[in-house]
There are 2 protein chains.
Amino acid sequence: MPESAGTRAEILRVALELFRAQGYDATSLRQIAERLGITKAALYYHFKAKEQLVVELTRPFLDGFADIVASARSRDREATDASVEELLGQYLDLIIAEHAALSLLASDPAALNHPDVGLRGGTLVRAFQAELVGREASDADHIRAACALGAVNATAGLPEGQVASGRDDALRAALAALRSGTE
Amino acid sequence: MPESAGTRAEILRVALELFRAQGYDATSLRQIAERLGITKAALYYHFKAKEQLVVELTRPFLDGFADIVASARSRDREATDASVEELLGQYLDLIIAEHAALSLLASDPAALNHPDVGLRGGTLVRAFQAELVGREASDADHIRAACALGAVNATAGLPEGQVASGRDDALRAALAALRSGTE
DNA sequence: GTCTATAGGCAGATAGAC
DNA sequence: GTCTATCTGCCTATAGAC
């Protein structure tokens, strides 16, 4: 029976690989099953629908993101420079750890419209941006926040080797974008 | 016969709208045809395959991008601060003008693997980054360039109203990210 | 230019044996 | 847990009439 947990994990591993390479819709359950040497019917023993594969694959990222936003909300009122830097750093580390899942989130419209995936992600992004800029923020502040997150997100597409070594460079670049209004 | 050009443009307009909302694979030609009050077969009179819709929709962005990269290459040897700012500004304006097509490019894996679409786009991005950082650039320089482009790309997802007014803020943020290594 | 009709295929999902 | 067999439905694309 440890075999079952193994199969489930293998299915998720192969599904993520194929979804990333071809997209969710373009990847059939037959392909996933064939790659694993099992049949489509076996997949349905472990997952009740294809859609559930995406939900499971993106959950670690979304849960981690939710934790970051929650901790941001429980800070003291004032958003200090240090706390903003720590928040962005935590987000960056999450992006690096879950960059494969993130590319799924970013690239699949079906996932983007799913309540437990894309819509949840969108809500988290908006909440996170609001925490970064604080209350009484200008339009320009929001644009800078969006650019800072864009800078962080860009690291998800970097070659594997440069990610770890460039973590601090990316964080500095994002902070520079965020603070580009206050010279 | 002006009707024909009109129909063709209408098809592209509806296709872009549906592709963006649902994704390329999840959008059927039947849906596009129904929305226009014509039949699937009529679509095939104007476009020889579904795939060609994506090629046509992304061409203006890719052609514009290619122009920017070409003009970057024909600069004088030295990448001055002013020329980098102008390049990023041109790219930002293109992103704003073609943001709908860009979201197609970013979100459709089928398009990403197409030689005339995603692969062409990837080549352009790499060439553009190389022009931004110049020769003898460090790993950190490349990371900052990636972050700067990420900051610019983030503006494509902004609410319609903020885009025009925030253009300069976004450009400053991207430049700040790019230059975050040289204090 | 647009239609009707249809070919031909593969998708997601289920039933029930082992 | 995994299989075989099958249902049902929609897809892209084409042929040929109008």
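Here is the naming used below: chain letters follow the sequence lines, and residue numbers restart at 1 for every chain.
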key: Toward the 5' end of DNA chain D, by each residue's nearest nucleotide, I38(A) or Q31(B)   = I38(A)
inquiry  = Between the side chains of D63(A) and R120(A), is the shortest nitrogen-to-carboxylate-oxygen separation below 4.0 Å, so that they form an ion pair?
reply    = yes
Candidate nucleotides dA13(C), dT2(C), dT14(D), ranked by approach to the side chain of K50(A) - the nearest = dA13(C)
key: Side-chain N,O (Y45(A)) to OP1/OP2 (dG1(D)) below 4.0 Å   = yes
inquiry  = Just N and O in the side chain of S28(B): are any of them under 4.0 Å from OP1 or OP2 of dC10(D)?
reply    = no
inquiry  = Starting the side chain at C-beta, find the nucleotide from dT2(C), dA13(D), dG12(C) nearest to K40(B).
reply    = dA13(D)
request  = Take atom CG of L36(B) and atom C1' of dG1(C), then tell me their distance rounded to the nearest Å.
outcome  = 14 Å
query = For DNA chain C, whose closest nucleotide is more 5', that of A41(A) or that of D25(A)?
reply = D25(A)
key: Electrostatic pair D93(B):R167(B) at N-O distance under 4.0 angstrom   = yes
ask   = Would one find a side-chain N or O of T7(A) under 4.0 angstrom from OP1 or OP2 of dG1(D)?
value = no
Non-hydrogen side-chain atoms of V54(B) and T58(B) separated by less than 4.5 Å = yes
task = For L29(B) and dT12(D), give me the distance from atom CG to atom P, rounded to whole Å.
result = 4 Å
key: dA11(C) OP1/OP2 closer than 4.0 Å to side-chain N/O of R30(A)   = yes
ask   = For dC3(D), does OP1 or OP2 lie under 4.0 Å from any side-chain N or O of T39(A)?
value = yes
remark   = Rounded to the nearest 0.5 angstrom, the CG-CD1 distance for L57(B) and I11(B) is 11.0 Å
query = Over how many whole Å does the gap from H46(B) atom NE2 to dT14(D) atom P extend?
reply = 16 Å
